[in-house]
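All ligand and atom numbering here is 1-based and tracks the order in the structure. Note that the numbering runs from 1 along the sequence shown for the chain.
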Amino acid sequence: MGSIQVSRGTRDILPEEVIYWQHVEATARELLHQAAYRELRTPIFEQTNLFERGIGEATDVVGKEMYTFKDRGDRSITLRPEGTAGAVRAYIEHKLYAQGGVQRLWYIGPMFRYERPQAGRQRQFHQIGVESLGSTDPRADAEVIAIASQLLQALGVPQWTLSLNSLGTAADRQQYRDALVNYLNQYKTDLDPDSQDRLQRNPLRILDSKDPKTKEIAQTAPNILDYLGEDSKQHFDRVQQLLTDLDIAYQLNPCLVRGLDYYTHTAFEFELDGLGNQATVCGGGRYDRLVAELGGPETPAVGWAIGMERLILLLQDAQITLNQSLDFYCVARGAAAEAQALLICQNLRKQGFSVEMDLSGSAFGKQLKRADRSGAVACLILGETEACDRTVQLKWLTSGEQESLSQNDLNTQADQLQTRMVAARSKLST
Ligand code: ATP
Ligand code: MG
């Protein structure tokens, strides 16, 4: 019988790659903390109708991509395909609006969509997202965009494009929708089958088609910006002005409509260079109707979600190298030495060092080779002599220098050792 493999569209993240994930998570965590965002953790599954009502039944996500099933109590359950609906449900359920002011929330975690798997497109993928609930101020739009751009910058992403559009109010959009359908109807038979299908259901999404012929037709379609009412226009102008003040480059893209139904006004996407078809790493926008639609009080909001797989693919491709740092590798041979080594390792860890202990009991030569390969800055060596004398050989793998220390000094002189460790490590990286 063959071995069982990981499910299609999912993957294991092995330790070499986890370093990247931890780096992205830590950077995001710190930056979002600086911007006064608080983390929210919601369940991975929700009642199906949350997404049907929240995201919209005509969308691809709800229509084709959800993992929906009946649980043993005959309830319809869906694995969350995105984070906003759950965050808004929690916001309403726990009356976070009653705290007044703006609620700035962020989340991280797996999302699930039944899609055709490709590089940067999976069935289980991960997002980091922010939601800023409670303000119509264009500064809220600018703030979330600024944070996304700061995060990309902090991670060392070399180049990206920020595309911006406005979808106006629901009323603006209805007018635009009519004009667009009129226009597209003239070319109905030239559209790709998917787009023909969307003509009644979700015509704005046609603008976003990847089919070359449809794209060409979309090029000369009516421009949504011409259909914005006065307030929508003002809001959008202000957002653009604020981004310019923040020195954040953007380009207007009237074809940017986003996949989810709940967007109003500002919509935006960050695209990374060098990711092929799966170039959009972050998508977001304003959603002033969603909270009320899900049964909460009228609450304007704006947010985004970053796809972590795509971001990490790029960081790896850009050969941004990260190493899991190890301070000591400890080798020992002989029963007494091995027992002492265990204590020494544990004591060093308590002092804040990272330490790997060789458990093989094999010849010193073999253990020392493993020490070299471990990436540790220094190696601790204990043989019979050291066990008798209560000493340890400390070998700096960066320079090859070796010295003898009493085991007691290892415990009492942690500060000095830490200083030397930092010095040796900096030599390593230059
Ligand atoms: P796409 O057009 O690529 O399908 P989307 O508009 O469906 O993206 P959003 O719902 O806006 O994506 O999600 C925000 C981000 O999450 C995307 O920009 C992308 O980086 C990431 N993402 C979405 N779906 C997937 C997936 N199946 N696999 C990996 N990442 C994804
Ligand atoms: Mg999609």
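- Ion pairing between Asp172 and Lys233 fails under the 4.0 Å rule for side-chain N and carboxylate O.
- Taking only non-hydrogen atoms, the option from Arg121, Glu269, Arg123, Met308 nearest to atom 2 (O) of ligand 1 is Arg121.
- If you number the atoms of ligand 1 from 1 as listed, the ones under 4.0 Å from a heavy atom of Cys282 come out as 18 (O).
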Under the side chain to side chain donor-acceptor pair (under 3.5 Å) criterion, do Gln99 and Gln103 qualify, and how do the steps go? CA-CA 8 Å; Gln99 298 176 8; Gln103 285 287 322; 2.8 Å; yes
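- Looking at Glu46, His94, Gln47 one by one, the single match for side chain to side chain donor-acceptor pair (under 3.5 Å) with Arg89 turns out to be Glu46.
- Residue Arg205 has no nitrogen or oxygen atom sitting less than 3.5 Å from a nitrogen or oxygen atom of ligand 1, judged on distance alone.
- Scanning all heavy atoms of the two residues, the minimum distance from Glu298 to Ala292 falls at OE2-CB, 3.7 Å.
- By the 3.5 Å distance cut-off applied to N or O atoms, Lys210 is not counted among the residues near ligand 1.
- Summarising the contacts of atom 9 (P) of ligand 1 with His126, Arg113, Glu309, the nearest heavy atom is found in Arg113.
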Could you check Glu131 against Tyr287 for side chain to side chain donor-acceptor pair (under 3.5 Å), going step by step and ending with a plain yes or no? CA-CA 10 Å; Glu131 316 293 353; Tyr287 51 96; 2.5 Å; yes
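- Under 4.0 Å is where a charged nitrogen must lie from a carboxylate oxygen, and between Arg104 and Glu39 no such pair does.
- In the candidate list Phe125, Tyr114, Trp304, Phe125 is nearest to atom 24 (N) of ligand 1, counting heavy atoms.
- Close approach of ligand 1 to Val281 is summarised as follows: ligand atoms under 4.0 Å from at least one heavy atom of the residue are 18 (O), 20 (O).
- Rounding to the nearest 0.5 Å places CD of Gln124 at 9.5 Å from OG of Ser7.
- Those atoms of ligand 1 with a heavy atom of Gly120 less than 4.0 angstrom away are 28 (N), 29 (C), 30 (N).
- For ligand 1, the atoms sitting less than 4.0 Å from at least one non-hydrogen atom of Ala305 are 14 (C), 15 (C), numbered in the order shown with element in parentheses.
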